[in-house]
Undergrad: 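What follows is a structure written as structure tokens; I'll ask about it next.
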Amino acid sequence: MPELPEVETTRCGIAPYLVGRRIARVIVRNARLRHPVSPLLVREAPGQILQSVDRRGKYLLLRCPKGSVIIHLGMSGSLRVLPADVPPERHDHVDIVLDNGHMLRLRDPRRFGSVVWTRQDALQHALLCDLGPEPLSDGFNGDHLYRRSRGRRLAVKQFIMDHHIVTGVGNIYASEALFLAGIHPAREAGRIAPERYERLAAGIRQVLEQAIAQGGTTLRDFYNGEGKPGYFQQQLKVYGRAGQPCASCGRAVVQTRQGQRSSFYCPVCQR
DNA sequence: CCCAAGACCTGGCGGC
DNA sequence: TGCCGCCAGGTCTTGG
């Protein structure tokens, strides 16, 4: 479900309810997520004050004095802040109950998400320490993509979806960014010129910023911390638009398969 | 090291 | 209506 804009939208929605609050208790109904939920979360997080709610790529970081809760939403995860007495429904796997009668609740039907407790600084954790730059930071530009792509023969779409190259670009926004840059998704990453990577970096930045401004993309089941959907799906140029006319040239958008994921592109505008 | 494919899960949809 | 195969916003692991 969530790529960077949806995670950022979630972060903004939940942070005001969490920061400064104390964790009263943690309820784990099903620990079998992408990574098994450690019993240490239930043992060590209660009593901790939530100091900040940050994001790194698609990971949310709930930082406390003695550790951090690292949350990933996988394909189908969502977070809501609710009164602590709302009964759990199917797939409500983890509650972080606060000291003010509210709780943060994770729902994740497919269980590809994860909730990890770490005593170290969150950014040092194995899941985070090798991530690429944030696409909305100064450290991300076309030169970075160009240098990292030399010698690589995989398709550029799969290259930019690797979060060790750049974080937060998932299947929707990869197709959209390549459209904005006029680059064919199947082009070999190592055979793209620096100027085109500059356009691609700009396209990634643009699509992510616009999606955040629209509250993310809701295809079926994304809702922010307050239960509201995003609106960026109305701005999608190619994703999910197979057979429909390209907004720029009118030719039908093509759907293909790359690395077991769907890709969408305009065969005229993207080379 | 690089890359493609498999693995992990549930639910919704279209087709028969 | 029921069953079946396919599809879905991610990423870690495996094997060549």
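This one's a predicted model, so the numbers in the text were calculated from it and none came from an experiment. A, B, ... follow the sequence lines: proteins, then strands. Residue 1 opens every chain. Heavy-atom basis, side chains included; hydrogens, waters and symmetry copies ignored.
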Undergrad: In whole Å, what is the span from the CE atom of A/Met161 to the P atom of C/dA8?
TA: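 Rounding to the nearest Å, CE of A/Met161 and P of C/dA8 are 11 Å apart.
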
Undergrad: Can you find a side chain N or O atom of A/Ser262 that sits less than 4.0 Å from OP1 or OP2 on C/dA8?
TA: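 Checking A/Ser262 against C/dA8: at least one side-chain N or O falls below 4.0 Å of OP1 or OP2.
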
Undergrad: Check this one for me: any side-chain N or O of A/His72 less than 4.0 Å away from OP1 or OP2 of C/dC12?
TA: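 No, no such contact exists.
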
Undergrad: Whole angstrom is fine here: how far is it from OH in A/Tyr173 over to C1' in C/dG10?
TA: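 So the OH-C1' distance, A/Tyr173 to C/dG10, works out to 15 Å.
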
Undergrad: With a 4.0 Å cut-off on N to O distance, would you call A/Arg107 and A/Glu89 a salt bridge?
TA: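 Here A/Arg107 pairs with A/Glu89 in a salt bridge, since their nearest N and O are under 4.0 Å apart.
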
Undergrad: When all nucleic acid strands are considered with a 4.0 Å heavy-atom cut-off, which category describes A/Arg34: base, sugar-phosphate, or nothing?
TA: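 Base contact.
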
Undergrad: Could you tell me whether A/Leu154 contacts a base, only the sugar-phosphate backbone, or nothing, with contacts defined as non-hydrogen atoms closer than 4.0 Å?
TA: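 If one applies the 4.0 Å heavy-atom cut-off, A/Leu154 turns out to touch the sugar-phosphate alone, with no base involved.
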
Undergrad: Do A/Leu4 and A/Arg55 touch side chain to side chain, with heavy atoms closer than 4.5 Å?
TA: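 Side-chain contact under 4.5 Å: yes.
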
Undergrad: Could you tell me whether A/Tyr239 contacts a base, only the sugar-phosphate backbone, or nothing, with contacts defined as non-hydrogen atoms closer than 4.0 Å?
TA: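 Answer is sugar-phosphate: A/Tyr239 comes under 4.0 Å of backbone atoms only.
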
Undergrad: Identify which nucleotide among B/dG6, C/dG10, B/dT10 has an atom closest to any side-chain atom of A/Gln260, counting heavy atoms from C-beta outward.
TA: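 Nearest nucleotide to the side chain: B/dG6.
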
Undergrad: Do A/Ser262 and A/Arg257 have side-chain N/O donor and acceptor atoms under 3.5 Å apart?
TA: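 Yes, a side-chain donor-acceptor pair sits under 3.5 Å.
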
Undergrad: Specify the separation, in whole Å, of atom CE of A/Met75 and atom P of B/dT10.
TA: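 Going from A/Met75 (CE) to B/dT10 (P), I get 14 Å.
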
Undergrad: Can you tell me if A/His163 touches the phosphate of C/dC12, counting only side-chain N or O atoms and a distance under 4.0 Å to OP1 or OP2?
TA: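 Answer yes for this pair, as a side-chain N or O of A/His163 is under 4.0 Å from OP1 or OP2.
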
Undergrad: Distance check needed: B/dT10 P versus A/Leu33 CG, whole Å only.
TA: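 Taking atom P of B/dT10 as the reference, CG of A/Leu33 is at 12 Å.
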
Undergrad: Using modelled atom types and a 3.5 Å cut-off, is there a donor and acceptor pairing between side-chain atoms of A/Ser149 and backbone atoms of A/Tyr146?
TA: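 Here the side-chain-to-backbone pair exists.
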
Undergrad: When the P atoms of C/dT11 and B/dG12 are compared, how many Å lie between them, rounded to an integer?
TA: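 Going atom to atom, P in each nucleotide, I get 23 Å.
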
Undergrad: Rounding to an integer number of Å, can you tell me how far A/Leu127 CG sits from C/dC12 P?
TA: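 Value for this atom pair: 6 Å.
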
Undergrad: Would you please determine if the base of C/dT11 is stacked by A/Phe112, with stacking meaning a centroid separation under 5.5 angstrom and planes under 30 degrees?
TA: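 It does not: the two rings, one from A/Phe112 and one from C/dT11, miss the stacking criterion.
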
Undergrad: Quote, to the nearest angstrom, the P distance that separates B/dC9 from C/dT14.
TA: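 Those two atoms are separated by 15 Å.
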
Undergrad: Indicate yes or no: does A/Asp95 engage A/Arg25 in a salt bridge with an N to O separation below 4.0 Å.
TA: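 Looking at A/Asp95 and A/Arg25, the cut-off is not met.
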
Undergrad: Find the distance A/Asp130:CG to C/dT11:C1' and express it as a whole number of Å.
TA: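 Checked: the CG to C1' distance equals 14 Å.
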
Undergrad: Assign A/Arg107 to base, sugar-phosphate, or nothing according to its heavy-atom contacts below 4.0 angstrom with the strands shown.
TA: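 Contact class for A/Arg107: none.
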
Undergrad: Does OP1 or OP2 of B/dG11 have a side-chain N or O of A/Arg110 closer than 4.0 Å?
TA: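 Negative; the distance criterion is not met.
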
Undergrad: Rounded to whole Å, how long is the line connecting atom CZ of A/Arg32 with atom P of C/dC12?
TA: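 About 20 Å, once rounded to whole Å.
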
Undergrad: Searching all strands shown, indicate the nucleotide that pairs with C/dC12 (Watson-Crick or G-U wobble; both distances under 3.5 Å).
TA: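 Base partner found: B/dG6.
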
Undergrad: Whole angstrom is fine here: how far is it from CD in A/Glu89 over to P in B/dG11?
TA: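 For the pair A/Glu89 CD and B/dG11 P, the rounded distance is 13 Å.
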
Undergrad: Base, sugar-phosphate alone, or nothing: which one does A/Arg153 contact when heavy atoms must sit under 4.0 Å apart?
TA: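 It contacts sugar-phosphate atoms only.
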
Undergrad: Should A/Val26 and A/Trp117 count as side-chain neighbours, where that means a heavy-atom distance under 4.5 Å?
TA: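 No, every pair of side-chain atoms sits at 4.5 Å or beyond.
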
Undergrad: With heavy atoms under 4.0 Å as the rule, sort A/Gly170 into base, sugar-phosphate or nothing.
TA: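 A/Gly170: backbone/sugar contact only, no base atoms under 4.0 Å.
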
Undergrad: Have a look at A/Phe232 and say if it touches a base, only the backbone sugar-phosphate, or nothing, with a 4.0 Å heavy-atom cut-off.
TA: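 Here A/Phe232 touches no strand at all.
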
Undergrad: Could you tell me whether the phosphate oxygens of B/dC1, OP1 or OP2, come under 4.0 Å of any side-chain nitrogen or oxygen in A/Arg152?
TA: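 Looking at the OP1 and OP2 atoms of B/dC1, neither is under 4.0 Å from any side-chain N or O of A/Arg152.
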
